Visitor: 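Let me give you the structure first, and then I'll get to my questions.
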Amino acid sequence: VKNAGPTVTANVSGVTVNADNAGNNYAVTYAANNTSNITKADLAVTGVTATSRVYDSTTIAGLGGAATVTGLVGDVVSVLGTGIGAFADRHVATNKPVTVSGFGLTGTDAGNYAIVQPTGLTADITKANLNVTGVTAASRDYNATTVATLGGSATVTGYVGDTVNVTGTGAGTFANKNIGTAKPVTVTGYSLTGAEAGNYTIVQPTGVTADITPASLTVMGLSGVSRVYNATDIAALSGTASLSGVLALDVVTPVNTTSGTFDSKNVGTAKPITTAITLSGTDAGNYVVVQPSGLSADVTKADLAVTGVTANNRTYDSTTVATLGGLATVTGFIGDTVNVSGSGTGAFANPNVGNVKPVTVSGFSLSGADALNYNVLQPTGLNADITPAALTLNAASDSRVYDGTINSSGTVTPSGLYGSDSVTGATQSFASRHVMGANASTLQVNAGYTVNDGNGGNNYTLTTNTAAG
């Protein structure tokens, strides 16, 4: 019997006696032995491997490969069951021995073998990732750095039973300094402490975001420029614009700093000015401009000339009145409603006769929705002639007794005088001292009179009339 077991019967045969006479001198008797033992042969399981894994706080080792056994020739024996691997401890290390159990044998000859579980297996336990959670980042105004301020409470949660905690101070960093919403924040600086800390690789907080909002810049150095009304609300600015609040090394400049907008187009004093200043430069997008406050300037009335008026020539009348003609008109700025109102009055500088005498005009005014934005300019450049008036000195009829002279006591009478003009020293005489008969003598105006018109008599064209006497 080949099988393993106690009290196995062993039979002897085929013995040769080495003696003279070819062994025939002996009679060989075979006696059976029923007290022998056949013990099981060791049969090693091979082909099994151990799989490295990440730390999970257990001693379980994963197995791989294909478990096989190789019995003696002709024996029917194979592996039975599922192997179980186990590390000696749960901690991280390389080439950690793995103990295998769980395999058995099956087959006709399985009872003749003692299974030897796989030996010499090793595997690694690598560190498990341990995420830091509970960390937040605070939104802030732009400050030209990438620093992100962290908040919240950093925590880690290891496997049940493990002692592991967060230590260190976290530092947050934006990818760049520029403004943006929900900007990713990279966190560093945390580490692990505790009895099982060596079994973990710390994973710094992820998914942390925050906003960087624009910083405010104040525009300084500008003032409003007063001007004359021009039917627009455009306001000129003077000065050199500068920005307060630009951070070191940032490149940002103000744009559109030469003009602003009045609250209306109309005339006024200390009229508020609003601006629309923008920013340019490499870092302009990181700032918001605060428009200047308190800017103001005056808008004064524009001069508006009355045109289309003429002055008429006339004859002297001792006044300065000038008669006007034509049609008075004004032309305001496009879109304005403004018209001439009132009656113009013309006046010469003096009442005297003259050619191309300047005429001063007054009396016109303005009306319409936009009239208050203008100063009326009375017509200028007008002139006209004052021609002499006709003045006649009339001799008076007179009768007297012959006395050998041409003297007459009659009074010369002027006709055609204006205002307070007068003629003084006017006398008359007979044309002949001789008796001429009734109404046959001629009385004439003597030379030597004076025309008192303030212009040496040049305001009149003088003629004299005789009389009969």
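Since this is a predicted model, take the numbers as computed values, not measurements. Values below: all heavy atoms of this structure, side chains included; hydrogens, waters and symmetry mates excluded.
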Visitor: Looking at Ala123 and Val98, what are the two nearest heavy atoms and their distance?
Guide: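 In this case the closest contact between Ala123 and Val98 is N-CG2, 4.1 Å.
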Visitor: Mind listing the side-chain donor-acceptor pairs of residues 185-197 below 3.5 Å, one per line with the distance, residues two or more places apart or on another chain?
Guide:
from	atom 1	to	atom 2	distance (Å)
Glu196	OE1	Thr163	N	2.7
Glu196	OE2	Arg90	NH2	3.2

Visitor: Using only heavy-atom distances, determine whether the side chains of Thr413 and Asn394 contain a donor-acceptor pair under 3.5 Å.
Guide: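 No donor-acceptor contact under 3.5 Å links the two side chains.
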Visitor: Please name the residue in the list Asp398, Asn407, Thr405 that meets the side chain to side chain contact (heavy atoms under 4.5 Å, CB included) test with Phe430.
Guide: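 Among Asp398, Asn407, Thr405, the one that satisfies the side chain to side chain contact (heavy atoms under 4.5 Å, CB included) with Phe430 is Asp398.
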Visitor: Are any of the side-chain heavy atoms of Ser408 and Gln444 separated by less than 4.5 Å?
Guide: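 Counting from C-beta outward, Ser408 and Gln444 never come under 4.5 Å.
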Visitor: Hey, does the side chain of Ser432 reach the backbone of His434 with a donor-acceptor pair shorter than 3.5 angstrom?
Guide: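 Side chain of Ser432 to backbone of His434: a pair is present.
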Visitor: I'd like to check the side chain to side chain contact (heavy atoms under 4.5 Å, CB included) partners of Ala440; sequence neighbours left out, ordered by chain and number.
Guide: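 Checked Ala440 against side chain to side chain contact (heavy atoms under 4.5 Å, CB included); matches are Met436.
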Visitor: Show your working on side chain to side chain donor-acceptor pair (under 3.5 Å) between Lys96 and Ser52 and close with a plain yes or no.
Guide: CA-CA 9 Å; Lys96 289 174 67 75; Ser52 295; over 6 Å; no
Visitor: Using side-chain heavy atoms (C-beta onward) and a distance below 4.5 Å, is Val289 in contact with Thr278?
Guide: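 A side-chain contact is absent here, since even the closest heavy-atom pair is not under 4.5 Å.
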Visitor: Any side-chain to backbone donor/acceptor pair from Asn350 onto Asn352? Under 3.5 Å, distance only.
Guide: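 Looks like yes, one N/O pair under 3.5 Å.
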Visitor: So do the side chains of Val353 and Ile386 get within less than 4.5 Å of each other, counting heavy atoms only?
Guide: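 Yes, side chains in contact.
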Visitor: Where is the tightest heavy-atom contact between Ala231 and Phe333, given as atom of each residue plus distance?
Guide: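 For Ala231 and Phe333, the tightest heavy-atom pair comes out as CB-CB, 3.4 Å.
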Visitor: Please evaluate residues Val423 and Tyr460 with respect to the criterion side chain to side chain contact (heavy atoms under 4.5 Å, CB included), reporting the C-alpha separation (whole Å), side-chain torsions for both, the decisive distance (0.1 Å), and the verdict.
Guide: CA-CA 11 Å; Val423 176; Tyr460 294 95; over 6 Å; no
Visitor: For Ser244, enumerate each residue passing the side chain to side chain contact (heavy atoms under 4.5 Å, CB included) test, keeping only those at least two apart in sequence or located in another chain.
Guide: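 In terms of side chain to side chain contact (heavy atoms under 4.5 Å, CB included), with neighbours along the sequence ignored, Ser244 is linked to Thr218, Met220.
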Visitor: How close do Ser397 and Ala468 get, counting heavy atoms only, and between which atoms?
Guide: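 In terms of heavy atoms, the two residues are closest at OG-O, 2.7 Å.
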Visitor: Which heavy atom in Leu393 sits nearest to a heavy atom in Pro414, and how many Å separate them?
Guide: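 Looks like CD2-CB, 3.7 Å.
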Visitor: Please enumerate all residues that pass side chain to side chain contact (heavy atoms under 4.5 Å, CB included) together with Ser318, with sequence neighbours excluded.
Guide: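 So Ser318 forms a side chain to side chain contact (heavy atoms under 4.5 Å, CB included) with Tyr316, Tyr418, Asp421.
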Visitor: Sequence neighbours left out, what passes side chain to side chain contact (heavy atoms under 4.5 Å, CB included) with Thr51? Give chain and number order.
Guide: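 In terms of side chain to side chain contact (heavy atoms under 4.5 Å, CB included), with neighbours along the sequence ignored, Thr51 is linked to no residue.
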Visitor: Got Thr310 and Leu382 here, is their nearest side-chain heavy-atom distance under 4.5 Å?
Guide: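 The answer is no, as the side chains (C-beta and beyond) never meet within the 4.5 Å cut-off.
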Visitor: Hey, could you give me each pair passing ring pair (Phe, Tyr, Trp, His ring centres under 6.0 Å) that has a residue in residues 262-285? Not counting sequence neighbours.
Guide: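 Output for this query is empty, none listed.
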Visitor: Taking atom types as modelled, is there a side-chain donor on Thr424 or Asn452 under 3.5 Å from an acceptor on the other?
Guide: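 Yes - a donor-acceptor pair under 3.5 Å links their side chains.
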Visitor: Can you pull the side-chain hydrogen bond (donor to acceptor under 3.5 Å, both in side chains) pairs that have at least one residue in residues 120-133, sequence neighbours excluded?
Guide: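 Applying side-chain hydrogen bond (donor to acceptor under 3.5 Å, both in side chains) to every pair that reaches into residues 120-133, excluding sequence neighbours, yields Thr133-Thr155.
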Visitor: Please examine the side chains of Tyr200 and Val156, heavy atoms only from C-beta on, and report whether any two atoms are closer than 4.5 Å.
Guide: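 The answer is no, as the side chains (C-beta and beyond) never meet within the 4.5 Å cut-off.
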Visitor: Which atom pairs, donor and acceptor, lie under 3.5 Å between side-chain atoms of residues 171-181 and protein residues at least two apart or in another chain?
Guide:
from	atom 1	to	atom 2	distance (Å)
Asn176	OD1	Asn178	N	3.0
Asn176	OD1	Lys183	NZ	2.8
Lys177	NZ	Asp250	OD1	3.0
Lys177	NZ	Asp283	OD1	3.1
Asn178	OD1	Asn286	ND2	3.0

Visitor: List the steps and the verdict of side chain to side chain donor-acceptor pair (under 3.5 Å) for Thr427 and Asn446.
Guide: CA-CA 5 Å; Thr427 61; Asn446 297 323; 3.0 Å; yes
Visitor: Can you list, pair by pair, the side-chain donor-acceptor contacts under 3.5 Å of residues 206-215, counting residues two or more places apart and other chains?
Guide:
from	atom 1	to	atom 2	distance (Å)
Asp211	OD1	Ala182	N	2.6
Thr213	OG1	Arg140	O	3.3
Thr213	OG1	Asp141	OD1	2.6

Visitor: With distance as the sole test, does Arg227 use its side chain to make a donor-acceptor pair with the main-chain N or O of Ile234 at under 3.5 Å?
Guide: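 It does hold such a pair.
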Visitor: I'd like to check Val135 versus Val132 (side-chain heavy atoms, cut-off strictly below 4.5 Å). Are they in contact?
Guide: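 The answer is yes, as the side chains (C-beta and beyond) meet within the 4.5 Å cut-off.
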Visitor: With no hydrogens and no angle check, is any side-chain donor or acceptor of Asp453 less than 3.5 Å from a backbone partner on Asn455?
Guide: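 Yes; judged by distance alone, with no hydrogens or angles, the pair exists.
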Visitor: Taking side-chain hydrogen bond (donor to acceptor under 3.5 Å, both in side chains) as the test, write out the residues that go with Ser139, two or more places apart.
Guide: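 Once residues adjacent in sequence are excluded, Ser139 has no partner under the side-chain hydrogen bond (donor to acceptor under 3.5 Å, both in side chains) criterion.
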Visitor: Closest approach of Asn256 and Ala276, non-hydrogen atoms and distance?
Guide: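 Looking at all heavy atoms of both residues, the shortest contact is ND2-O, 3.1 Å.
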Visitor: Can you check whether Thr99's main-chain N or O pairs, donor with acceptor, with Gln117's side chain at less than 3.5 Å?
Guide: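 Checked: no pair found.
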Visitor: Which salt bridge (charged side-chain N to carboxylate O under 4.0 Å, His left out) pairs, counting each pair once, include a residue from residues 371-387, with sequence neighbours left out?
Guide: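 Applying salt bridge (charged side-chain N to carboxylate O under 4.0 Å, His left out) to every pair that reaches into residues 371-387, excluding sequence neighbours, yields nothing.
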Visitor: Taking the side chain as every heavy atom from C-beta outward, state whether Leu130 and Ile202 have any pair of such atoms under 4.5 Å apart.
Guide: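 Not touching, per the 4.5 Å side-chain cut-off.
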Visitor: Any heavy-atom pair between the side chains of Val306 and Pro379 that's under 4.5 Å?
Guide: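 Yes, side chains in contact.
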Visitor: For Ser226 and Asp298, which heavy atoms make the closest approach, and how far apart are they?
Guide: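 That would be OG-N, 2.9 Å.
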Visitor: Considering only residues two or more places apart or on different chains, which pairs with a residue in residues 353-381 satisfy ring pair (Phe, Tyr, Trp, His ring centres under 6.0 Å)?
Guide: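 Non-adjacent pairs meeting ring pair (Phe, Tyr, Trp, His ring centres under 6.0 Å): Tyr229-Tyr374.
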